[in-house]
Amino acid sequence: MGKDFIKDLNEAQQKAVLAFKGPSLVIAGAGSGKTRVLTYRIAYLLSQDIPPGSILALTFTNKAAREMKERIGRLVGPERARYLWMGTFHSVFSKILRREGHLLGYPSTYTIFDTTDSKSLVKKIIKELDLNDQIYKPGEVYGRISSAKNNLITPQAYFSSAQLMEMDKRTRRPRIADIYKLYALRCKKSNAMDFDDLLLNLYILIRDFPEVLARYQEQFRYILVDEYQDTNYLQYRIINQLSSRYKNICVVGDDAQSIYSFRGARIENILNFKHDYPDYHLFKLERNYRSTRNIVGAANSIIARNRDQISKKIWSKKEAGEKVKLIRATTDNEEGYLIANLIQDAVYAHQLHHQDIAILYRTNAQSRIFEEALRKLNIPYKVYGSLSFYQRKEIKDLLGYFRLTVNPYDEEALRRIINYPARGIGQTTLSRLEEIAASRDKRIWDILLSMDDYAGVFNQGTIRRLKAFAALINGYRENLQTMEAFDLAYSIAESSGIMKDLHYENSPENLSKWENLQEILNGIKEFVETQDQAEDTTLDSFLQSVSLLTDADSEKEEDRDKVTIMTAHSAKGLEYRFVYVTGLEEELFPSRMSSNTREELEEERRLFYVALTRAMEQVTLSYANTRYRWGVPVNSVPSRFIREIEPEYMDQPFEENPDEPYRPTWKFSQKKVESVPVTTEKMKRMKPVSRTSAPSPSGIHFTADDPAEIQAGMQVEHPRFGQGKIINLEGEPPNRKATVFFKEHGQKQLLLKFAKLKIIR
DNA sequence: GACGTTGTCCTTTTT
DNA sequence: GGACAACGTC
Ligand SMILES: Nc1ncnc2c1ncn2[C@@H]1O[C@H](COP(=O)(O)OP(=O)(O)OP(=O)(O)O)[C@@H](O)[C@H]1O
């Protein structure tokens, strides 16, 4: 088989690809082609006739896995790429647990609890234990449980860890261990695993069943891990076990991009590699292929300030390019407005597609401002948010029915839908059901199946309603074996009353919800069609894979060419021609929560480094002097990170106290203060601080398009009226007349030969 | 038990 | 400014 593709790589990269036997560590800075090495290494393995099924490749996101697979498919043919074991730790392990989970007492149809399910269960347990949820905050308790799991601490181990128990005592939460134990028990009773269980259970599986371990060691003779700096202890142990027989393991990473310590990621995993595999090969890549020299220089100057790091050279042969720009805004809203305008201008000036642009920030709450600003200018965008499409209420409701059908012991799903749509089963009934189940060591579903035994406990009507509900779910269950996943899902959506509930009131919100449900159904169809194994085309398999998807993973075709708005964390591994890093203020980026120790601050700095190095051609930084926090304006100070960039890479020197058109000096009272209204006109007059090569605002260098090209439906721009849409055209040239609807100025009739219209799309 | 209104807390970051 | 729990009324 041809392996000419190797010449797509530089010499250092080639070496890392060709050394495919034995342990390899690739450690290199941003944009140096680590992911590319991993991709080509897999392609090379395939070209050496290594069966795809014996290669396990773990990536950080499902999207990265999909793209890598596609790339490999182009290099060595899609047929071979298809059967690779490739995906995130969670998704690959969830598939293994489908097959092997029975050894640990889980059915293959187990439910995956998402964070919301987990927190809601924790909260419930806290209530049941009669603990104060002010002290035992569900989110925090769940965090403790999660980090325990990721450090391989089971409930028993938690109880016997003097250190943990001591710490909980000191924080006046001595009963976290009890909550943890109950939580684990209840998940198990619900036939459910949370995200961390997917890792923990896989570990337990290979620890307690040596024959299973041996089988997977035999199968996965080649193991590759991307973004290794962000693996946690549990992941490390699993990889270590799986690779211990053949030791054909290749990990790639960059300690300077480790940004997930909050979920247990350990840079030490990279450092330990040489101890675990003393005969390892080390590969360093130094040439950055992504960014211009100024961007690489700026990023290097930032990361050099960290004490904890493996020193690395990184250089670019690309042109020097533009320097880093800085935008100062008076308010957060203005920040949104200015960035949106810059984007609009940059698209024209630099021939950008919208997909070449990303806006990054530290917290998800910042997205709203940019969404509004972009929407106003009609710039298409997509948000990679923390709550994905599958977390929306109407979606979770429908999925709740699917979940209950597949696994009726899933109590989170049951609680969610037993009374949606309303069927007269309220809180009182539900509590009683839970009580009965708990007192008899049974599960709610067991009680529902034997309602006749509880004639004395519930009244007639309630019994009838509960029986009807159980019969409904049982009816669906009977079809599990016989019906196709899509048909079953469709019939559930129709007959459960969910669709009807949305049709009942014809509001726009309901219409959009209805469309979302349709999308889920289509999603099932597509899922079934794209599975490689017949055993994976079931509804339970769909549910499992869907709970591990993020927004970025499940992008639709029509969303491709849009500006991406997301956190710096989500941007890891991605690249864009133009990048806007926003909200660079003290207490925000770096976050207030992580400004206490040097270690925390260094991680924030790494995050900033990640953000900068996503850019290929241009970086723009921004901050606002005033930002609304919980509806209250708060003054803010520019981030230290701006100052930390070597001035030679900055467009203009950063002035600590520049002249500002507006700077509130008064103290904010508790009462909500009216924000100073900044009118559109006012904002238009304000110039961004960054001036070099900043494209002129539309209207000054306005060039009209040929009127003959204008057609109905087009988006156009008028020098005075702004953006609008062509509603209608009438008459013959040269007296052709257009009806245009302008967003700001309403409907106008214009003669094309006079109106200077620019076609936007 | 359903539904609407008020009040509280919230913001790191994600599989 | 928004999500969600708690409260009150029908
Ligand atoms: N030898 C090469 N020739 C041309 N382009 C290359 C080469 N190596 C890498 N690139 C390009 O450089 C960019 C960065 O590569 P890649 O994403 O693999 O780097 P990385 O080290 O994984 O980056 P990061 O750690 O920042 O995510 C990509 O656009 C890639 O196509």
Side-chain angles (χ1 to χ4, degrees), chain A residues 58-65 87-94 112-116 118-120 123 127 133-134 137-140 142-143 146 149-150 193-199 227 230-232 234-235 258-265 332-333 360-369 372 384-388 390-391 393 419-431 459 461-462 465 545 547-553 566-572 583 587-596 600 603-604 606-608 610-611 627-634 672 675:
Chain A
L58 298 165
T59 58
F60 202 71
T61 64
N62 291 298
K63 188 181 173 204
T88 60
F89 280 86
H90 291 86
S91 72
V92 167
F93 293 173
S94 77
I112 298 175
F113 275 172
D114 65 19
T115 315
T116 320
S118 298
K119 279 189 196 154
S120 126
K123 187 168 182 179
K127 274 221 180 88
D133 65 359
Q134 293 302 309
K137 291 196 180 123
E140 284 178 20
Y142 171 65
S146 169
K149 287 184 181 177
N150 282 307
M193 303 193 203
D194 68 15
F195 287 137
D196 306 312
D197 288 332
L198 294 172
L199 309 179
E227 309 279 13
D230 277 323
T231 51
N232 63 35
L234 187 46
Q235 292 167 325
S258 173
I259 53 176
Y260 280 95
S261 71
F262 71 90
R263 65 177 219 215
D332 48 0
N333 276 315
L360 309 182
Y361 39 70
R362 182 63 179 79
T363 67
N364 283 301
Q366 287 163 263
S367 73
R368 207 195 81 248
I369 286 169
E372 283 170 5
Y384 290 171
S386 57
L387 65 122
S388 77
Y390 299 99
Q391 307 263 29
K393 190 188 164 304
N419 201 31
Y420 178 81
R423 45 173 76 86
I425 304 174
Q427 195 49 57
T428 322
T429 308
L430 192 55
S431 302
N459 66 40
T462 308
R465 290 192 287 266
S545 78
S547 31
L548 300 174
L549 289 184
T550 64
D551 283 340
D553 299 328
M566 66 189 149
T567 62
H569 280 93
S570 318
K572 187 163 85 147
E587 315 231 302
L588 183 61
F589 199 169
S591 162
R592 186 157 55 114
M593 323 293 284
S594 310
S595 304
N596 305 317
E600 284 177 347
E603 177 147 328
E604 293 288 304
R606 290 194 293 268
L607 182 59
F608 184 53
V610 168
R627 181 172 298 276
Y628 275 79
R629 258 188 172 168
W630 316 297
V632 175
V634 176
K672 190 167 165 174
S675 63

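In the text below, chain A, chain B and the rest are named by the order of the sequence lines, each starting its count at 1.
- Contact annotation: side chain of A/T363 to base of B/dT13, donor-acceptor pair absent below 3.5 Å.
- When the side-chain nitrogen and oxygen atoms of A/N419 are compared with OP1 and OP2 of B/dA2, one or more of them lie within a distance under 4.0 Å.
- Straight-line distance between the C1' atoms of B/dT12 and C/dA5: roughly 23 Å, to the nearest whole Å.
- Distance from the side chain of A/R263 is smallest for B/dT14 among the nucleotides B/dT14, B/dT12, B/dC9.
- Taking 4.0 angstrom as the limit, A/T61 places none of its side-chain polar atoms (N or O) nearer than this to OP1 or OP2 of B/dT15.
- Phosphate contact (OP1/OP2 of C/dC4, side-chain N/O of A/K123, threshold under 4.0 Å): absent.
- Side-chain atoms of A/A422 lie closest to B/dA2 of the nucleotides B/dA2, B/dT12, B/dT14.
- As judged by a 4.0 angstrom heavy-atom cut-off over every strand, A/S570 is placed among residues touching the sugar-phosphate backbone only.
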Next item on the list: Please step through side chain to side chain donor-acceptor pair (under 3.5 Å) for the pair A/N364 and A/S367, ending with a clear verdict.
Entry: CA-CA 6 Å; A/N364 283 301; A/S367 73; over 6 Å; no
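- Aromatic ring orientation, A/F262 versus A/Y260: tilted (interplanar angle from 30° to 60°).
- Relative ring orientation between A/H90 and A/F195 is described as perpendicular, the plane-to-plane angle rising above 60° on a 0-90° scale split at 30° and 60°.
- Looking at the side chain of A/T115, the nearest of the listed nucleotides B/dC10, B/dC9, B/dT15 is B/dT15.
- For B/dT13, the OP1/OP2 oxygens have a side-chain nitrogen or oxygen of A/N364 closer than 4.0 Å.
- For B/dT15, neither phosphate oxygen OP1 nor OP2 lies less than 4.0 angstrom from any side-chain nitrogen or oxygen of A/N232.
- Closest to the side chain of A/R362, from the set B/dT13, B/dT15, B/dC10, is B/dT13.
- A distance cut-off of 5.5 Å between ring centres, combined with a plane angle under 30°, leaves A/Y260 outside any stacking arrangement with the base of B/dT13.
- A sub-4.0 Å separation between OP1 or OP2 of B/dT13 and a side-chain N or O of A/S591 is absent.
- OP1 or OP2 of B/dG1 lies within a sub-4.0 Å distance of a side-chain N or O belonging to A/T429.
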